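Single-structure report; data block below.
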Amino acid sequence: MSAPLTEPMPMAGVQRLLVIDDHALVRMGVRTLVMQQFADSYAVEEAGTLEQGLARLAQAQGRIALVLLDLQLPDAKGFAGLRILRRDHPGVPVVVLSGAQDLRIREEALRLGARAYIGKSADAGAMDAWVEVLREHADAPPQLPAPSAPPDAAALRTAQGLGLSPRQVQVLELLLAGMDNQAIATETGLTLGTVKNCVSSVFLGFNVRSRAELLGMFPT
């Protein structure tokens, strides 16, 4: 059943998170997770179709902080919904939700502008990824801060222009410092899967395929 288009009134200082998914159980799961761990950070809004999601975004007038988007909606299959959201609301971060485990689908979603790609599997790694994405956006400032130190300043300015998240910029800095994925996970406290997602986003943003190519763009 599609979600009604009533307009909830979140508390002052609480960001709005929009879940666009035609499965009520998925929307319920996101709402439960947010209530348990992020009640002071997010108010959840729901839509069962892309059309309803776009209507919510229009009603919110820029107050939606993050969209969680299913790739298989009744009115938008595959990447159609993501393309429309990135075209019509380029300033709103979109996280793709999908039951597909195909690496090519994840890479294409990131290439098209998704901030992250999260599977719907019920394993602990998937839950960690959900929590980390929500925490990242709850804690993130609206704009990335200007780099305060000269090392890798060109890379960080480029990252700002590419719209990388603060967490992805942090991973970029550690990549440029020569750390591998496991070392970055240890340094940041992120799960290894989250680090891999961030590294993939950085590579796609800079249009490189390896650490060597990335480091070659910003020689010391």
Side-chain angles (χ1 to χ4, degrees), residues 3 10 15-23 26-27 29-31 33-34 38 41-120 126 129-144 159-169 171 193-194 196-205:
Q15 302 183 75
R16 298 186 184 194
L17 183 153
L18 174 61
V19 186
I20 307 177
D21 195 296
D22 61 328
H23 291 93
V26 172
R27 300 196 303 267
V30 173
R31 181 178 292 277
L33 175 62
V34 169
F38 299 98
S41 302
Y42 289 115
V44 178
E45 300 191 24
E46 302 178 21
T49 65
L50 181 65
E51 181 181 6
Q52 287 189 353
L54 293 171
R56 285 220 182 262
L57 284 162
Q59 291 172 353
Q61 298 180 339
R63 295 189 297 272
I64 298 291
L66 181 66
V67 173
L68 304 184
L69 174 70
D70 183 21
L71 286 184
Q72 296 298 326
L73 296 168
D75 57 345
K77 302 295 185 183
F79 296 110
L82 177 58
R83 288 191 174 96
I84 291 170
L85 284 173
R86 299 305 299 144
R87 181 195 68 197
D88 295 350
H89 300 275
V92 181
V94 179
V95 173
V96 165
L97 307 178
S98 176
Q101 302 299 317
D102 192 327
L103 180 61
R104 292 169 298 180
I105 295 176
R106 181 177 70 85
E107 291 180 345
E108 181 66 8
L110 295 173
R111 188 188 70 79
L112 291 173
R115 186 59 59 85
Y117 181 96
I118 299 179
K120 293 182 180 180
W130 280 67
V131 171
E132 186 55 46
V133 166
L134 293 175
R135 180 178 293 115
E136 170 190 333
H137 286 275
D139 296 341
Q143 299 292 331
L144 294 176
Q160 282 187 298
L162 292 171
L164 296 184
S165 72
R167 182 71 72 193
Q168 290 162 353
V169 171
V171 170
T194 299
K196 290 178 179 178
N197 273 337
C198 288
V199 170
S200 294
S201 297
V202 169
F203 284 2
L204 287 166

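Treat the numbers as computed from the prediction; the structure is a model and nothing was measured.
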Task: Nearest heavy-atom neighbours spanning A116 and L110 - done: CA-CD2, 3.9 Å

Task: Those residues that, when tested against E107, pass side chain to side chain contact (heavy atoms under 4.5 Å, CB included) (two or more places apart) - done: L103

- [ ] Indicate the atoms forming the closest heavy-atom contact of G48 with L73, along with that distance.
- [x] O-CD2, 4.1 Å

Open item on the list: Just verifying a value: how many Å separate L204 CG and E108 CD, rounded to the nearest 0.5 Å?
Closed with: 9.5 Å

Task: Atom of R63, atom of Q59 and distance for their closest heavy-atom approach - done: NH2-O, 3.8 Å

Open item on the list: Any heavy-atom pair between the side chains of L68 and V95 that's under 4.5 Å?
Closed with: yes

Task: Exceeds 12 heavy-atom contacts within 6.0 angstrom, atom CD of Q72 - done: yes

Open item on the list: Suppose we screen for salt bridge (Lys or Arg N to Asp or Glu O under 4.0 Å). Which residues come up paired with R106, at least two apart in sequence or across chains?
Closed with: none

Task: D21 side chain to R27 backbone, donor-acceptor under 3.5 Å - done: no

Task: Flag side-chain contact, heavy atom, 4.5 Å: I20 against V67 - done: yes

- [ ] Heavy atoms only: give me the nearest A65-P93 pair and the separation to one decimal.
- [x] O-CD, 3.3 Å

Open item on the list: Nearest 0.5 Å, please: how far is CZ in R115 from SG in C198?
Closed with: 10.5 Å

TODO: Write down the atom of Y117, the atom of A109, and the distance for their closest heavy-atom approach.
DONE: CD1-CB, 3.9 Å

Task: 4.5 Å side-chain heavy-atom contact, L18 and L69 - done: no

Task: Side-chain heavy-atom pair I105, L71 within 4.5 angstrom cut-off - done: yes

TODO: State, yes or no, whether a side-chain contact exists between L66 and Y42 at a heavy-atom distance under 4.5 Å.
DONE: yes

Open item on the list: How close do G53 and A47 get, counting heavy atoms only, and between which atoms?
Closed with: N-CB, 3.5 Å

Task: Side chains of L50 and L85 in contact at under 4.5 Å (non-hydrogen atoms) - done: yes

TODO: Could you name each residue pair satisfying salt bridge (charged side-chain N to carboxylate O under 4.0 Å, His left out) that touches residues 84-99, not counting sequence neighbours?
DONE: none

Task: Option among R16, R31, Q52 that satisfies the side chain to side chain donor-acceptor pair (under 3.5 Å) test with E45 - done: R16

Task: Distance (rounded to the nearest 0.5 Å) between L57 CG and I64 CD1 - done: 5.5 Å

